[in-house]
Protein chains: 4
Amino acid sequence: MNRIPTAVVGASGYTGQELLRILLAHPLVDLVTATSRAAAGRWLSDAFPRFSGLPGADLPFSDPDPDAIAATGAKAAFLALPHGVAAEIARALLKRGLRVVDLSADFRIHDPAVYEEFYGLAHPAPDLLGQAVFGLAEIHAEEIRGANLVASAGCYPTSILLPLIPLLRERLIDPTTIVAHSMSGVSGAGRKASIPLLYCECNESVRGYGMPKHRHLSEIEQELSLAADETVRISFLPHLVPATAGIATTTTATLNGSLMEVEAALEYAYGKAPFVRLLGPGGFPDTKNVLRTNFIDIGWHHDERTGRLLLLSAEDNLGKGAAGQAVQNFNLMFGLFESSGLQSV
Amino acid sequence: MNRIPTAVVGASGYTGQELLRILLAHPLVDLVTATSRAAAGRWLSDAFPRFSGLPGADLPFSDPDPDAIAATGAKAAFLALPHGVAAEIARALLKRGLRVVDLSADFRIHDPAVYEEFYGLAHPAPDLLGQAVFGLAEIHAEEIRGANLVASAGCYPTSILLPLIPLLRERLIDPTTIVAHSMSGVSGAGRKASIPLLYCECNESVRGYGMPKHRHLSEIEQELSLAADETVRISFLPHLVPATAGIATTTTATLNGSLMEVEAALEYAYGKAPFVRLLGPGGFPDTKNVLRTNFIDIGWHHDERTGRLLLLSAEDNLGKGAAGQAVQNFNLMFGLFESSGLQSV
Amino acid sequence: MNRIPTAVVGASGYTGQELLRILLAHPLVDLVTATSRAAAGRWLSDAFPRFSGLPGADLPFSDPDPDAIAATGAKAAFLALPHGVAAEIARALLKRGLRVVDLSADFRIHDPAVYEEFYGLAHPAPDLLGQAVFGLAEIHAEEIRGANLVASAGCYPTSILLPLIPLLRERLIDPTTIVAHSMSGVSGAGRKASIPLLYCECNESVRGYGMPKHRHLSEIEQELSLAADETVRISFLPHLVPATAGIATTTTATLNGSLMEVEAALEYAYGKAPFVRLLGPGGFPDTKNVLRTNFIDIGWHHDERTGRLLLLSAEDNLGKGAAGQAVQNFNLMFGLFESSGLQSV
Amino acid sequence: MNRIPTAVVGASGYTGQELLRILLAHPLVDLVTATSRAAAGRWLSDAFPRFSGLPGADLPFSDPDPDAIAATGAKAAFLALPHGVAAEIARALLKRGLRVVDLSADFRIHDPAVYEEFYGLAHPAPDLLGQAVFGLAEIHAEEIRGANLVASAGCYPTSILLPLIPLLRERLIDPTTIVAHSMSGVSGAGRKASIPLLYCECNESVRGYGMPKHRHLSEIEQELSLAADETVRISFLPHLVPATAGIATTTTATLNGSLMEVEAALEYAYGKAPFVRLLGPGGFPDTKNVLRTNFIDIGWHHDERTGRLLLLSAEDNLGKGAAGQAVQNFNLMFGLFESSGLQSV
């Protein structure tokens with residue numbers, strides 16, 4: 001099988017770095033260009049010395065020009081760009097025949113009014129929303145397979161949606177009682193020069209932020225509502241903890257069924273999913289077990305004294321929460337094995 | 001005013017170390033003995049080199065013998081011992097006329113049946129429960145002042161109880177909807193040789209544990225029920241994060257009143273409390289701002305979309321959550337300024 | 001005794017924060033103003049929430065205007081400013097009758113040509129160099145006592161100079177063989193928005209930098225040469241390690257005398273020094289034992305196989321390496337106990 | 001090509017975990033058994049949840065019985081055992097026809113008297129020393145290719161030897177002046193329940209240890225002496241820093257030649273070595289760039305003021321310093337590509 005010529009657009013941040021790390025080792029990908037406005041002209045290995053001497057990494061960052069990207073022969077492009085910026089370049093690349101995996105929020109929200117409410121700007125490309133697929137492979141695999149534009153799911157949303165969706169579908173929890181508490185490593189905030197992200201500000205620091213209306217609520221509630229077939233509103237409580245990577249989420253909701261039914265619903269949904277590891281009732285996921293992988297580990301507990309179900313998940317915010325998931329979507333789009341290039345631990 | 005001759009029993013763990021740190025600098029305390037079965041015979045500064053050369057630290061750890069402790073002339077004793085062990089020595093010291101601040105769980109639970117349910121052993125001294133006062137100074141100051149036996153509140157409970165109690169008293173939240181999510185630094189697990197507490201097991205690791213029925217629920221629900229004047233059951237979700245110290249707790253509950261009433265209730269309860277810092281609506285406490293202090297910082301948010309109130313708190317698990325709080329209780333018991341010896345940051 | 005009205009100029013960085021922390025609790029200091037060009041108008045406790053509610057911290061940052069500072073009645077000023085900037089304001093404050101403790105490098109180097117060589121700019125106030133005293137209290141206490149302008153020693157230099165000076169004075173080591181290897185926490189690099197100082201860039205990272213000619217060599221070699229009474233050149237190897245604070249230094253040099261003579265020289269020099277703790281031969285200092293103190297711990301080893309002496313030291317780069325040392329100098333200048341305000345651990 | 005049936009003996013520590021991680025993904029290895037006295041009967045994925053669901057990881061730990069290991073058909077065995085214990089099982093496996101890569105110190109030292117001096121026990125298998133090859137692939141590739149028993153080099157030694165050996169061979173540095181300063185992450189101390197290795201003891205702690213005569217000196221000096229063709233004694237200064245993995249070493253020695261000659265010697269030695277990355281003069285290696293790889297990064301600086309050469313290296317103590325290097329040796333022994341299974345970053 002031929003390798004697929006692939007571009008990474010916006011490759012100089014933490015998600016870009018993880019994308020490069022995965023794609024450089026992907027057996028069916030040929031990385032033909034990596035762009036970065038900030039790092040244009042520098043070598044990949046200059047910005048990321050980790051890649052020095054690696055086959056395929058002997059490449060400079062180029063400017064994110066759509067024509068230049070198309071001229072490389074790329075058939076696919078990953079966009080690791082800020083929201084608002086991604087939509088435009090997605091349009092340009094789609095027009096030039098590339099298939100796009102967008103890691104920004106630009107095409108995750110079906111309703112442009114919701115996008116505007118949460119992101120504070122008019123949707124930059126509402127005409128493209130119709131063809132965009134929400135890129136959560138375990139839930140939307142069929143649509144992803146046929147799509148030219150996949151909006152890869154966000155880091156927090158993935159950690160919250162995967163445990164909840166099968167239970168909402170089976171009406172095993174009360175959708176009005178959902179509270180999701182998440183703890184993220186600092187890389188989730190991006191690679192930008194900012195005092196609050198300094199080592200000395202994050203080390204020995206645990207703090208909440210972004211409450212009560214974090215942007216990721218928009219895609220979380222969209223997908224939960226689809227699963228529940230009714231409008232779902234949840235409380236989402238994000239926190240920053242002193243770790244480079246990893247997201248752990250603990251979600252509570254009133255249980256309407258039995259623990260056995262919960263287990264059955266999760267087994268039914270994910271029994272064959274290569275990247276969801278069900279730790280079973282009583283299981284405690286730990287972020288250190290999923291770092292640099294595309295796995296999400298899920299455990300659950302019945303709090304009989306309050307009637308609540310406790311759902312715990314752990315993923316790498318840069319892996320299953322971003323770059324790994326994007327590659328998983330890419331694999332589906334191009335008819336590869338879903339786990340191609342994603343099996344290293 | 002004369003210094004109060006004081007003993008620390010069980011001084012070789014992390015809480016013991018923090019107690020020593022505070023007491024050695026307390027202007028009205030004379031540390032007369034520190035005991036440790038494990039470290040007996042070694043010098044304080046040998047086990048804790050940090051104290052080397054410090055006035056008053058030129059002391060060996062002694063065996064925890066009640067007669068020997070009493071013979072030092074100690075009028076007060078802090079017990080930093082495991083539950084089950086503390087009760088016995090508390091009895092012996094009380095009999096010898098010392099006033100006791102117990103940092104274990106042994107005297108926190110009024111009902112010995114609840115103690116047995118949560119701690120798995122018959123209460124070791126049910127006859128003493130009648131005189132024991134729950135040592136949460138902001139709530140029980142009056143009783144603490146007259147007490148000879150104070151059961152200093154636990155680390156997680158303090159971070160959960162202080163934000164909630166004023167609101168339950170005023171019936172501003174629905175007590176059936178409380179979910180408390182806590183993140184603790186590793187020192188909370190104690191200073192014991194244990195694989196899961198190794199640096200390499202905790203670094204870059206975020207994990208839940210102790211769900212759904214952590215022992216601290218017993219004292220949390222006892223105090224919440226007292227405040228609400230009805231039986232309260234909550235979900236409590238403890239997590240371990242890669243930090244040495246600090247607890248951040250985010251608690252959610254359905255709001256029955258207005259945000260203004262919440263603020264008024266908290267201001268009324270803590271407006272003059274020297275160690276509760278109200279960050280106001282929209283505030284985000286950060287553990288790094290309270291480490292090595294006796295402060296608890298509290299912020300709150302109204303999640304209007306779900307009708308929930310979000311309460312955030314941050315404290316040092318070894319400070320306000322343990323040693324600092326114990327000294328605050330001691331100050332009240334002996335009629336000192338509540339903040340004596342606790343003002344350094 | 002009356003409190004000394006004191007100003008901190010440039011108070012919004014990490015050294016400024018530690019200065020404020022110490023001075024707010026200093027029994028003989030009245031903090032009358034804290035300036036910060038960047039934070040002017042904001043409250044101390046807004047920039048540093050840790051200080052919120054602390055007696056004396058209810059103060060806004062003001063602009064660093066010399067007349068305004070003098071108008072507060074300040075008798076002393078600490079300058080925590082970049083080199084080049086400090087000299088000018090030092091001159092202005094000296095002219096207005098204040099005594100100055102400068103934490104920058106501006107007045108540490110006696111020879112303006114050496115300053116220019118290492119700092120790359122002409123000395124901004126060569127006429128003041130004559131009255132400036134190098135602020136390493138254990139070595140220059142007498143001159144510090146009478147001085148109006150003290151140039152507090154740098155963080156790395158302190159950790160290197162204190163172990164070496166007594167041995168050079170006694171000619172116990174060969175000054176041509178000195179290699180000093182230092183490891184610093186990240187706060188040493190300052191509180192500035194910079195990609196290489198981000199949490200994710202420093203965590204799980206150990207790296208050298210600033211070799212072979214780090215600026216601090218200028219003051220290190222000046223003081224070593226004075227002690228040896230000959231020109232001394234050393235190799236200095238600074239490294240950044242993933243910790244917020246602390247410097248550990250290991251220095252090697254060929255031993256010309258006996259281990260007994262080494263011990264005697266160190267005991268003679270520091271037997272009564274309140275902040276130097278000699279751990280003895282075979283001792284291993286650990287930064288965690290000195291954090292937030294003004295102590296420097298020193299151990300030493302004889303490497304008989306190579307004839308070298310190994311000198312190990314540990315200090316808090318923000319404490320004995322910066323703010324603590326500055327307050328120690330201040331105490332000497334104003335005739336206070338050398339350890340006034342510096343005894344907490 | 002057929003996969004080589006391979007055993008890992010002593011697989012439940014940190015080195016064992018990294019060996020398993022690499023071997024499970026190695027295209028030419030078939031992991032047939034993993035032994036652990038402590039974890040016997042448990043599943044790999046139970047001790048190391050990271051491996052759960054991974055192809056090939058569905059294996060229990062077995063007892064380290066030589067007959068049982070041979071019965072699996074294993075042709076190769078990696079020994080990740082304590083010194084003293086490894087020799088015996090190595091003998092038993094060699095007798096049964098397996099080829100052995102030993103990661104302990106048992107076969108690194110050619111002279112049993114030196115082994116006894118540094119390890120404090122009589123050599124457990126002096127008769128096997130004749131056939132053992134020191135497993136530093138860049139230096140001893142030819143002998144490794146033909147060997148049945150390879151003693152994989154230690155973590156610190158690798159970081160010190162690779163920069164120095166080419167320079168000693170070319171007589172570019174004075175061998176009497178070598179001082180090697182190393183900083184290691186905590187995993188280097190092993191996965192054992194021990195108070196000094198607890199998170200709270202290592203976090204925010206930098207400390208030296210094992211001076212002046214760390215055991216690794218024995219193999220370091222053996223190999224340096226071979227390269228210099230004379231007896232070499234060095235000072236070795238190991239330190240523990242708060243990181244899970246990584247070793248950074250900075251070595252100084254008086255330079256006898258020119259910087260150009262240094263570069264030429266290193267280029268000549270490692271120009272084609274797949275895992276040595278020469279950062280060039282002025283380069284600063286950073287452990288974060290080599291973690292989870294088999295790379296060692298090397299930079300160097302000329303300290304003209306003192307005439308010393310500064311050599312900096314960074315490696316993963318569990319990678320190039322242990323498991324990666326062992327697999328590299330294995331690849332050579334079995335005639336595979338040297339980098340087979342070692343290319344992921």
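Per chain, numbering begins at 1; letters A, B, ... match sequence-line order.
Using a 4.5 Å cut-off between non-hydrogen atoms, the part of residues 307-315 of chain B that approaches chain A consists of B:Arg308, B:Leu310, B:Leu312. Of residues 181-199 of chain A, those residues lying under 4.5 Å from chain B by any heavy-atom pair are A:His181, A:Met183.
Looking at A:Ile234, only its backbone comes within 4.5 Å of chain B, counting heavy atoms on both sides. Contact annotation for A:Leu240: neither backbone nor side-chain heavy atoms come within less than 4.5 Å of a heavy atom of chain B. Interface remark: A:Val241 contributes side-chain atoms only to the contact with chain B (heavy atom separation under 4.5 Å). Looking at A:Thr244, both its backbone and its side chain come within 4.5 Å of chain B, counting heavy atoms on both sides. Only the side chain of B:Thr306 comes within contact range of chain A, with at least one heavy atom under 4.5 Å from a heavy atom of that chain. Only the side chain of A:His239 comes within contact range of chain B, with heavy atoms under 4.5 Å apart. Heavy atoms closer than 4.5 Å to chain B are found in both the backbone and the side chain of A:Glu201. Neither the backbone nor the side chain of B:Ile247 has a heavy atom closer than 4.5 Å to any heavy atom of chain A. In this structure, chain A has no heavy atom under 4.5 Å from any part of B:Thr254. Both the backbone and the side chain of A:Pro242 have a heavy atom closer than 4.5 Å to some heavy atom of chain B.
The most heavy-atom pairs under 4.5 Å with chain A, out of B:Asn289, B:Leu291, B:Val179, come from B:Val179. Chain A forms more heavy-atom pairs under 4.5 Å with one residue of B:Cys202, B:Ala248, B:Gly208 than with any other, namely B:Gly208. Heavy-atom pairs under 4.5 Å with chain A peak, among B:His302, B:His301, B:Arg233, at B:Arg233.
Remark: B:Asp111 CG is packed, more than 12 non-hydrogen atoms of other residues, nucleotides or ligands lying under 6.0 Å away.
Scanning for side-chain hydrogen bond (donor to acceptor under 3.5 Å, both in side chains) contacts around B:Asp297 gives B:Arg277, with sequence neighbours left out. A:Gln325 meets the side-chain hydrogen bond (donor to acceptor under 3.5 Å, both in side chains) test with A:Thr158, A:Lys320; sequence neighbours excluded.
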